[in-house]
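Beneath this line is the structure, given in structure tokens, with notes to follow.
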Amino acid sequence: MTDEQARQLWRAEGWPEEGIDFMLTMWATVPPMVGIVTPVVKEVTGRSPRTFAERATQHARQFA
């Protein structure tokens with residue numbers, strides 16, 4: 001989605017302009033390496049990493 005599409009969506013949801021500006025600036029400054037998957041979780045914990053959805057499903061009772 002473009003910045004303008006995001007602005008329109010967030011305005012329609014009632015976000016203040018300062019919040020919209022902050023979010024767009026934040027996302028524009030995220031370094032590319034954030035999306036790189038590394039083996040660190042397995043190296044540190046000995047277990048393969050899980051997605052949020054996997055963890056939430058496995059622990060659904062704790063969220064109830």
Original post:
Applying the 4.5 Å side-chain criterion to the ILVMFWY set and letting contacts propagate, would Val30 and Met1 be lumped into a single cluster?
Top reply: yes
Original post:
Judged by atom type as modelled, is there a donor-acceptor pair below 3.5 Å linking the side chain of Gln8 to the main-chain atoms of Gln5?
Top reply: no
Subject >> Euclidean distance, His59 NE2 relative to Glu54 CD, rounded to 0.5 Å >> reply: 11.0 Å
Original post:
Under the 3.5 angstrom rule, does the side chain of Gln58 hit a backbone N or O of Arg55 as a donor-acceptor pair?
Top reply: no
Original post:
Can you tell me how far CH2 of Trp15 sits from CG of Leu9, rounded to the nearest 0.5 angstrom?
Top reply: 8.5 Å
Subject >> Full working for side chain to side chain contact (heavy atoms under 4.5 Å, CB included) between Arg47 and Val41 >> reply: CA-CA 7 Å; Arg47 295 179 294 178; Val41 169; 6.0 Å; no
Subject >> Between CG on residue Asp21 and CZ on residue Arg7, distance to nearest 0.5 Å >> reply: 4.5 Å
Subject >> Trp10 vs Leu24, side chain to side chain contact (heavy atoms under 4.5 Å, CB included): CA-CA, chis, key distance, verdict >> reply: CA-CA 11 Å; Trp10 291 333; Leu24 291 174; 3.9 Å; yes
**OP:** Search all heavy atoms of Lys42 against all heavy atoms of Ser48 and return the closest pair with its distance.
**Re:** NZ-OG, 3.7 Å
